[in-house]
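First up is the structure itself, then whatever we jot down about it.
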Amino acid sequence: MRNTRRGRVVKKPNDDGARIIIIAIMGVMFGYYIGVNFPFVAKTTLPSDIPLSSEETMTSSSEETMTIDESKAFEFASPEYIGIVTHATPRIYVPTNPRGAEPLPPGIVVPETDLYLRRLWGDPGEFGVHPNYSAWIFQDLKKKPKYLVAFTVGWGQRDVIDASVKKFSEDFQILLFHYDGRTTEWDRYEWSKQAIHVSVKGQTKWWYAKRFLHPDVVAPYEYIFIWDEDLGVEHFNGDRYIYLVKKYGLAISQPGLEPNKGLTWQMTKRRGDKEVHNFVEIMAPVFSREAWRCVWHIIQNDLVHGWGLDFALRRCVEPAHEKIGVVDSQWIVHQVITTLGGQVKYRNLYISFIVS
């Protein structure tokens, strides 16, 4: 008899479930690795009503352009945003930033500056004790001046300038424009060590003002004085002058001029029966921060002496007859000492001689 054996079929275990588990574990580990090394992935919704720059509209679809407003500034001022542009960090365009700074996060944009003197060491915000132990102060900047006084000077008028500077308190920052190139000699005056010195030979105050008093540079100062060097100030006090300017709401002003000497316009002559009257010329003007932002733009780059500028000042304030005035109770004397003017006269004579 023949034995017939049926072969038993042994099935292999199903590996699909194990494979799925292994893939899932690997996916979790990979996700954890990505999360640790790239902690932020931006998810951005573009506002439909804000146009993008022409450069950004031409970028490839792989790059994401984001327009944000200033209310989101703090979110984009952290270090991981600065200097890093990846596919995970969208390009920024902020139309409200100053021109040229649109690609920057608004939280790091500083559009204005100042003329405050700074230390070369230490933390700018470090506190210290006043020498008489009366108060805590900032070591880097003990006092922020409220007003700026700019003189265009030569060493020959040092006594006049010294007398003028002493009429201004610590609330006033002194700035000297040196047209004769002599600056170190002024260190004999104690106040000069805290003053700002700018030296360019043979230029007038409007040349300096256009180049060194940009509105964004002098923005911290409430009022800007731009004065000649030959002014007698026996009857002038800086703090009292500021009080009267604020009292009458003057955006452009000047002290009254002693009527016996150095008058260009009779309208600027001091009137003994008033505190203030209208009109301002270019000898000793004082501008509010807002008015100077306008006046700076009407100063031409080739303007030398500034003649005629006084007639254009009214365009920068409204109403002019209320915002422009002469402070009669604080008056000065124009001493008519031509130092820089004398240099110009002799130079012109020399040029005429060569040409002839």
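Values below: all heavy atoms of this structure, side chains included; hydrogens, waters and symmetry mates excluded. Just so it is clear, the model here is predicted, and its values are computed rather than measured.
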To the nearest 0.5 Å, what is the distance between [atom1] ([X]) and [atom2] ([Y])?
X	Y	atom1	atom2	result
Trp227	Ile161	CH2	CD1	10.0 Å
Ile196	Leu148	CD1	CG	9.0 Å
Glu102	Arg99	CD	CZ	9.0 Å
Asp180	Trp155	CG	CH2	9.5 Å
Arg188	Asp162	CZ	CG	10.0 Å
Phe236	Gln330	CZ	CD	6.0 Å

Going by the angle between their ring planes, with limits at 30° and 60°, are Tyr221 and Tyr116 parallel, tilted or perpendicular?
perpendicular
Which word best sums up how the rings of Trp191 and Tyr189 line up, parallel for under 30°, tilted for 30 to 60°, or perpendicular for over 60°?
parallel
Is atom CZ of Arg211 surrounded by more than 12 heavy atoms (other residues, nucleotides or ligands) closer than 6.0 Å?
yes
Near Gln194 CD, under 6.0 Å, is it more than 12 heavy atoms from other residues, nucleotides or ligands?
no
Quick check: does any side chain N or O of [X] sit under 3.5 Å from a backbone N or O of [Y], one acting as donor and the other as acceptor?
X	Y	value
Lys210	Ile299	yes
Gln157	Asp230	no
His197	Ser192	yes
Trp186	Leu176	no
Tyr248	Val327	no

Given Lys146, Arg289, Lys246, Lys144, the one that forms salt bridge (Lys or Arg N to Asp or Glu O under 4.0 Å) with Glu222
Lys246
Examine Ile21 and Met29 and state if one hydrophobic cluster contains both, with Ile, Leu, Val, Met, Phe, Trp and Tyr joined whenever side-chain heavy atoms are less than 4.5 Å apart.
yes
Is Val160 reachable from Val153 through a run of hydrophobic residues whose side-chain heavy atoms are each under 4.5 Å from the next?
no
So the disulfide (SG to SG under 2.5 Å) pairs with at least one residue in residues 289-336 (sequence neighbours excluded) are Cys294-Cys316
Are Phe168 and Phe225 an aromatic pair by the rule of ring centers under 6.0 Å?
yes
Report yes if some heavy atom in the side chain of [X] is under 4.5 Å from a heavy atom in the side chain of [Y]; otherwise report no.
X	Y	result
Val217	Leu115	yes
Trp207	Phe177	no
Val286	Tyr147	no

Should Glu185 and Arg158 count as an ion pair when the cut-off is N to O under 4.0 Å?
no
Considering non-hydrogen atoms only, spot the tightest contact between Gly100 and Pro103 and give its length.
O-CD, 3.9 Å
Looking at Ala291 and Ile252, what are the two nearest heavy atoms and their distance?
CB-CG1, 3.8 Å
